[in-house]
Student: 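I have a structure here, written as C-alpha cells, and I will follow up with some questions on it.
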Protein chains: 2
Amino acid sequence: MAFRALQAYNNVDINIESAFGLSFSKCCLTKRSVGWKGGYVVEKKKNIPSLVKDPKLIEKRREQIIEAAVDLFINKGFHKTTTREIARASGFSIGTLYEYIESKEDVLYLVCDAIHGEVESRLREAITFNGTGLKNLKLALRSFFRVMDQMSDRVLLIYQESKSLPKETLRYVLRREEEITQIFEEILRKGIADGSIGIDEKHVKLMADNIMVLGEMWVFRRWALKRHYTLEEYTDKQTALLLREISVSE
Amino acid sequence: MAFRALQAYNNVDINIESAFGLSFSKCCLTKRSVGWKGGYVVEKKKNIPSLVKDPKLIEKRREQIIEAAVDLFINKGFHKTTTREIARASGFSIGTLYEYIESKEDVLYLVCDAIHGEVESRLREAITFNGTGLKNLKLALRSFFRVMDQMSDRVLLIYQESKSLPKETLRYVLRREEEITQIFEEILRKGIADGSIGIDEKHVKLMADNIMVLGEMWVFRRWALKRHYTLEEYTDKQTALLLREISVSE
DNA sequence: CCAAACTGAACGAGCGGTCGCTCATTTTTC
DNA sequence: GAAAAATGAGCGACCGCTCGTTCAGTTTGG
C-alpha cells in the first residue's frame, strides 16, 4: 500500500524497531494505549489538543475538517491548500478551525489517519476466518484489490503528502500501515497452521509485503495497467502469481 | 520507474495519446524537434528562455542550479525549498538565478530532466545488443535494478515532486519515462524475433511496464525489502519471476 | 594606443502578496 | 448570566520574483 513518505522512510526506517521503543518512552498508560513494544507503551493515535471541551463536538467538527480537507488535498495538494480554504470548506471560520487543531499538519495527520482507518475497516469487514487459510487469502486479496481500486485517490494522497508530516507524527501513520500488513500475516500464518499454505514462517513477513506492493501497484500504475487489464483480470493474475510463490497446487 | 506525478497521471493520462497530438500543434520545425506523432512535431525538451545570451554559460549555470537543487529538493522537498536557497547553493544571487530560469517550477523541470537523463544513459551504456534477446534482457534487468538502487533518492524525488510541475511541463517528464520503458520493449522484441523469448507481441508493452514496476518497487519499498533481500537476491528472484512469465525454459 | 562608449552578467534591496496562526470580541448554549 | 464556542480582522514572517544599479570586459573612433 502506498501509505508512507518514501523519503522519510529511507532516512528513518533502518532504525525503526529501536525508534519505536525509544520515541514512545514518554507515553503514559491511558485508555488509548493499546500495545507494548520493548517495555514501553505504544500509543496508537496521536493526541491533538483542542481548546473545545466537549469531546462529542470535537469529533463532529474534526469529521467536518477531514471531509473538507480530503477533497482539497486530493485536488490541490497539501501545500497549495490554505488553512482558510479548509476552514471555509468545513463550514466555519479560520478561528474556529484552530479551536480543533494546533497546526495545518494536524489536519494532514487527521486525513491520513482517517483514510487508513477506512482501508483497514473495509478490508476487515470483507474477511471471514472460516475455511482454510488459503481460501481466506484468496478472498482477502480480492477485497484488498477492490478497496485499493475504489480508494485509489485517497491512497495516492497519503503516498504523496505524508512526507510533509513532522517526523514524529509520521511514525503514527507508518504504524497504521504495518497493522494492515499484519492482517495478511495473520491469514498466511493461519494457512501454514492448517496446511493449506506451504511457505516457511520466516517468509511470512515478506509475503505480506509483496501483497501490499501489488495493491500499491494497482493504485499508482493504474494509468498503465488499465490499458491492459480490468481490475478483475489484474486480481486473477496477481493472485495466481502469489499462489505460485506459495507453492500450493490450486 | 517512479517517474511521475501519480495524481496528475490519473487526471491526464487517459487522453494522453490525443493530448500529445493536440498540445503540440503549435510546435514548429526546429533543430530540436525529434519525433512525429499524429502529424505534429513533438519536442523532446522544454525550452526555457534565458536573459543570458551565451549558450555555453547558460548550460554551465544550469548545471550548477541542478546540482544545488537536487540536494535541496531531496532533503527539504520542492515546496519547502526557497528560490533564495537555490541561488545561494548554486553559488550566485537570487537575481542571477532568474537570469537563467523563469520560475521556480523551471528548476524542478531541469532537475527531473537531468535525473531522467542520468538513468537513461546509465542504462543504455550497460546494455549490449550482442547475443540473444533473452541474454540482453537478463543483463539489462541486472543493470536496471543496480541503477535504481544507486539513484533511489533521486528517483524518489521525481516521484514525489513532479506533480508540482505545470501540466504542460509534466508531459515532457512523462515522455522521458516512456522512452526508458521503450528500451525494454526493444529488447523484448529482439528476443521474440530471434526466438529466445516466447511471448506474444501484444504483451510486450505490458511486460516492459512490469519490469519498470519491479524497478520502482526496489526504490520505494527498499526499507521493507532490504530486511529480507540484498539487491543481488532481489535481482535474481525478480528475474526468475519475469522469465517464468515469459515462458522460456532457462 | 588610449579614452570614450557599449555590453551584458551579476547583484540584492525591495515589492506585492500570501500564509499560518492569534486573540479581542461577539454569539450561543444551558 | 456565566461558560463555551465561534468569529474574522489583523499580525508578522516569508516567499517568488523584479528591476535599477554596478562594473569588468569588449568594441569603437580618432
Side-chain angles (χ1 to χ4, degrees), chain A residues 46 48-69 72-73 75-112 161 163-169, chain B residues 48-69 72-73 75-112 161 163-166 168-169:
Chain A
K46 177 178 158 66
I48 301 172
S50 169
L51 297 174
V52 173
K53 315 244 166 122
D54 180 6
K56 286 252 184 273
L57 189 59
I58 292 176
E59 199 184 345
K60 182 184 153 198
R61 291 278 180 261
R62 285 185 178 166
E63 273 167 24
Q64 290 177 262
I65 294 171
I66 289 165
E67 202 183 342
L72 287 166
F73 291 170
N75 291 317
K76 307 188 63 176
F78 174 70
H79 284 287
K80 287 186 180 167
T81 301
T82 68
T83 51
R84 269 166 258 254
E85 284 176 309
I86 297 169
R88 196 180 329 124
S90 302
F92 36 74
S93 72
I94 179 69
T96 302
L97 177 66
Y98 275 88
E99 305 259 316
Y100 296 94
I101 55 155
E102 287 192 310
S103 70
K104 190 186 174 190
E105 276 80 19
D106 283 345
V107 179
L108 183 55
Y109 169 71
L110 286 174
V111 163
C112 290
E161 306 292 1
K163 71 171 194 291
S164 299
L165 288 168
K167 229 167 124 184
E168 184 74 359
T169 308
Chain B
I48 301 172
S50 169
L51 297 175
V52 174
K53 314 229 167 143
D54 179 4
K56 286 250 184 275
L57 188 60
I58 293 176
E59 198 183 345
K60 183 183 152 195
R61 291 278 179 262
R62 285 186 178 166
E63 274 168 23
Q64 287 176 262
I65 294 170
I66 290 165
E67 203 182 343
L72 287 166
F73 291 169
N75 291 318
K76 308 188 63 179
F78 173 70
H79 284 288
K80 287 187 181 168
T81 300
T82 69
T83 50
R84 270 166 256 257
E85 284 176 309
I86 296 169
R88 197 181 328 125
S90 302
F92 36 73
S93 73
I94 179 68
T96 303
L97 178 65
Y98 277 88
E99 305 258 321
Y100 295 94
I101 55 157
E102 287 191 311
S103 71
K104 192 185 173 189
E105 277 79 19
D106 283 346
V107 179
L108 183 55
Y109 168 71
L110 286 175
V111 163
C112 290
E161 306 292 0
K163 70 170 195 292
S164 299
L165 287 168
E168 182 76 359
T169 308

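Sequence lines set the chain letters: A, B, ... in the order given, protein chains first and strands last, and positions in each chain run from 1.
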Student: Would you mind reading off the distance between B:H79 atom NE2 and C:dG20 atom P, rounded to a whole angstrom?
Tutor: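 In whole Å, C:dG20 P and B:H79 NE2 are 12 Å from each other.
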Student: Expressed in angstrom and rounded to an integer, what is the separation of B:K80 atom NZ from D:dA13 atom C1'?
Tutor: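 That distance rounds to 16 Å.
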Student: Are there runs of at least three consecutive Watson-Crick or G-U pairs touching DNA chain C, with each pair's two distances under 3.5 angstrom? Give them by first number.
Tutor: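 Paired runs of 3+ in DNA chain C: C:1-30 with D:1-30.
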Student: If every non-hydrogen atom of B:I48 is compared with every non-hydrogen atom of B:Y100, which pair is closest and at what distance?
Tutor: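 Shortest heavy-atom separation between B:I48 and B:Y100 comes out as CG2-O, 4.2 Å.
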Student: Output one letter per nucleotide in nucleotides 7-13 of chain C: B when a protein non-hydrogen atom lies under 4.0 Å from the base, S when only the sugar-phosphate is that close, - when neither is.
Tutor: -SSBBBB
Student: Would B:E161 and A:K163 satisfy salt bridge (charged side-chain N to carboxylate O under 4.0 Å, His left out), going step by step from the backbone distance to the final call?
Tutor: CA-CA 11 Å; B:E161 306 292 0; A:K163 71 171 194 291; 3.6 Å; yes
Student: Can you list everything that forms a salt bridge (charged side-chain N to carboxylate O under 4.0 Å, His left out) with A:E105? Sequence neighbours excluded, please.
Tutor: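 Salt bridge (charged side-chain N to carboxylate O under 4.0 Å, His left out) check on A:E105 returns nothing, list empty.
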Student: Would the distance check show the side chain of B:T169 and the main-chain N or O of B:L165 forming a donor-acceptor pair, the cut-off being under 3.5 Å?
Tutor: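 Absent.
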Student: Looking only at heavy atoms, which two atoms of A:L108 and A:S164 are closest? And how far apart?
Tutor: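 Shortest heavy-atom separation between A:L108 and A:S164 comes out as CD2-CB, 4.0 Å.
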Student: Indicate the atoms forming the closest heavy-atom contact of A:K104 with A:T81, along with that distance.
Tutor: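 Heavy-atom minimum between the residues: NZ-O, 2.8 Å.
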Student: Expressed in angstrom and rounded to an integer, what is the separation of A:L97 atom CG from C:dC21 atom C1'?
Tutor: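 To the nearest whole Å, that distance equals 10 Å.
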Student: Rounded to the nearest angstrom, tell me the gap between atom NZ in B:K104 and atom C1' in D:dT18.
Tutor: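 Going from NZ in B:K104 over to C1' in D:dT18 covers 17 Å.
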Student: Could you tell me whether A:S50 contacts a base, only the sugar-phosphate backbone, or nothing, with contacts defined as non-hydrogen atoms closer than 4.0 Å?
Tutor: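 It contacts nothing in the nucleic acid.
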Student: Would you say B:R61 and B:V52 make side-chain contact, with heavy atoms under 4.5 Å?
Tutor: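 No, too far: nothing below the 4.5 Å cut-off.
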Student: In whole angstrom, what separates A:Y98's OH from D:dA5's C1'?
Tutor: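 Taking atom C1' of D:dA5 as the reference, OH of A:Y98 is at 18 Å.
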Student: Please report, rounded to the nearest Å, how far the C1' atom of C:dT18 is from the NZ atom of A:K76.
Tutor: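 About 12 Å, once rounded to whole Å.
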Student: Rounded to whole angstrom units, what separation is found between the CZ atom of A:R62 and the P atom of D:dA5?
Tutor: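 A:R62 atom CZ is separated from D:dA5 atom P by 13 Å.
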Student: Output the distance between atom CD1 (A:I65) and atom CD1 (A:I101), rounded to the nearest 0.5 Å.
Tutor: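 Those atoms lie 6.0 Å apart.
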Student: Would a 4.5 Å heavy-atom cut-off, applied to side chains only, mark A:E168 and A:K46 as touching?
Tutor: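 They are not in contact (no side-chain heavy atoms under 4.5 Å apart), so the answer is no.
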